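Below is one structure; the comments refer to it alone.
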2 protein chains.
Amino acid sequence: MVTLSEENYLKAIYHLGKEGTIAVSTNAIAEKIESKASSVTDMIKKLAEKNLANYVKYQGVSLTNEGRLAAASVIRKHRLWEVFLVDKLNFSWDEVHDIAEQLEHIKSLKLINELDAFLQYPTHDPHGDPIPDKQGNCSPIKSINILEIEEGKEGVLSFVKDSSDVFLKYLNKNNLALGDTIKVLDFEPFDNSLSIETKTKKLIISKEVAQNLYLSL
Amino acid sequence: MVTLSEENYLKAIYHLGKEGTIAVSTNAIAEKIESKASSVTDMIKKLAEKNLANYVKYQGVSLTNEGRLAAASVIRKHRLWEVFLVDKLNFSWDEVHDIAEQLEHIKSLKLINELDAFLQYPTHDPHGDPIPDKQGNCSPIKSINILEIEEGKEGVLSFVKDSSDVFLKYLNKNNLALGDTIKVLDFEPFDNSLSIETKTKKLIISKEVAQNLYLSL
DNA sequence: AAATATTTTTAGACAAGACTAAAAATATTA
DNA sequence: TAATATTTTTAGTCTTGTCTAAAAATATTT
């Protein structure tokens, strides 16, 4: 049995591992999970014990196939519940994270598969993140960061990296939503800000915001 | 903050208290929750500390108004989730208990109120138990035990007391479902068994079964 | 390469919630 | 009512998951 706490560590390692790194560092996990390095060491030993992680002292951790599947399963549940909350219960996308964080730990295979069917097998959650399938496979998102797009070109906002409350509220305030077509007008090298155009208006976004917007072309 | 464990104790005390008793005994709680008396004593102290229970050493516990509301809120969540599972996700009523037992602890007022609306404000769960409202009030069930019904009279099966897996499976096997009209034919004083008639057939039920069937007239 | 800084691990402590065994209080029976 | 039985509480232990502080290993700088 994988405990709630173990699931949270698996998730963290999974997400950090995605960035192409070979092994994830103890400190990175501690920061992500808002705990201390010593707690992380304890837990990764336990995960290794259970064959969910590969761990070599001082060399960081990676997930085993079993661990990766377990992590993907938690993420699958998290994202399906997010779809449920937004599509069926009138939540907006910036309200769902904390609740999904609780719901993702509910244990029942039948539950999640029935929920998947009830929601008509969605492939992405309300933030544009892909939903892993039963086998733990993610349809890789084919979206690129807005800073890498040439001036003059446009794309469809399909994913936002940061899904914190403050950021989602910023997007709402500025009338930016998934699915919007955005044209890149001008890059300002002084502060790395970007001037963009949506259907309704022109807008200048800071480097911090731009780093979190991903478009599909 | 009320912890998961505390919520389970509140629920147990609430259910046991319903039986008209003034104060609930330590042992009764231990049995219900499948723990030991000493663990119960510890927890009761904590609940009293938090003003959720009235506790006098060696005299048993009762809930304060605050405790009663907290318990009713957990039960409300449990029963609404059961309705969701049966009505929306194709679960049968004998499969939902364990999952609802997990879902009842999810914390979000908005979630449960939206769920209530989504399910169109149901008043009873799939077992016929009434669902407490936001204020913790239960529409009292107006059903009586089948053993108290006169021979020759009939009623509608509206509630089953035991909602264990084995019992619900028994009902399924014998084609008994909530909403069925049942006629009481004959009471056998030797073993307290009861001969009954449904739309489809006649059936003899044991005392143990009869004690759990409630009909509304 | 030696010195310094950073990261990671170990050792020991703590809180929550459960347990066992023994003591104390209450109930029951003779 | 005294003796016995049952229930409840206390005292002390255990596990899980966390923490701090110190030690050990690895990285970085000079």
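Keep in mind that this is a model prediction, so the values were computed, not measured. Chain identifiers are assigned alphabetically (A, B, ...) following the order of the sequence lines, protein sequences preceding nucleic acid strands; residue numbering begins at 1 within each chain.
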Provide, to the nearest angstrom, the distance between the [atom1] atom belonging to [X] and the [atom2] atom belonging to [N].
X	N	atom1	atom2	answer
B:Met43	C:dA18	CE	P	5 Å
B:Glu7	C:dA16	CD	P	17 Å
B:Tyr9	C:dA16	OH	P	15 Å
A:Ile33	D:dC19	CD1	P	10 Å
A:Asp42	D:dC19	CG	P	10 Å
A:Glu31	C:dT6	CD	C1'	14 Å
A:Leu47	D:dT16	CG	P	13 Å
A:Ile29	C:dT7	CD1	C1'	13 Å

Requested in this report: Consider only side-chain N and O atoms of A:His78 and A:Asp125, and report whether a donor and an acceptor are under 3.5 Å apart.
Outcome: no
Point to revise | Aromatic contact, B:Phe84 with A:Phe84 (centres under 6.0 Å) | key: yes
Is there a side-chain polar atom (N or O) of [X] under 4.0 Å from OP1 or OP2 of [N]?
X	N	answer
A:Asn27	C:dT8	yes
B:Tyr55	D:dT9	yes
B:Tyr58	D:dT10	no
A:Ser38	D:dC19	no
B:Lys57	C:dA24	no

Subject >> Carboxylate-amine/guanidinium proximity below 4.0 Å for A:Lys110 and B:Glu95 >> reply: yes
Between B:Lys11 and B:Glu104, does any side-chain N to carboxylate O distance fall below 4.0 Å? yes
* Quick one: does B:Val96's side chain get under 4.5 Å of B:Val86's, heavy atoms only? -> yes
Within the 4.0 Å heavy-atom criterion, would you say [X] contacts the bases, only the backbone, or no part of the nucleic acid?
X	value
A:Ser5	sugar-phosphate
A:Thr41	base
A:Ser39	base

When both distances are under 3.5 Å in a Watson-Crick or G-U wobble arrangement, the nucleotide paired with C:dT6 is D:dA25
Testing C:dT20, D:dT10, D:dT8 for proximity to the side chain of B:Lys45, the answer is D:dT10
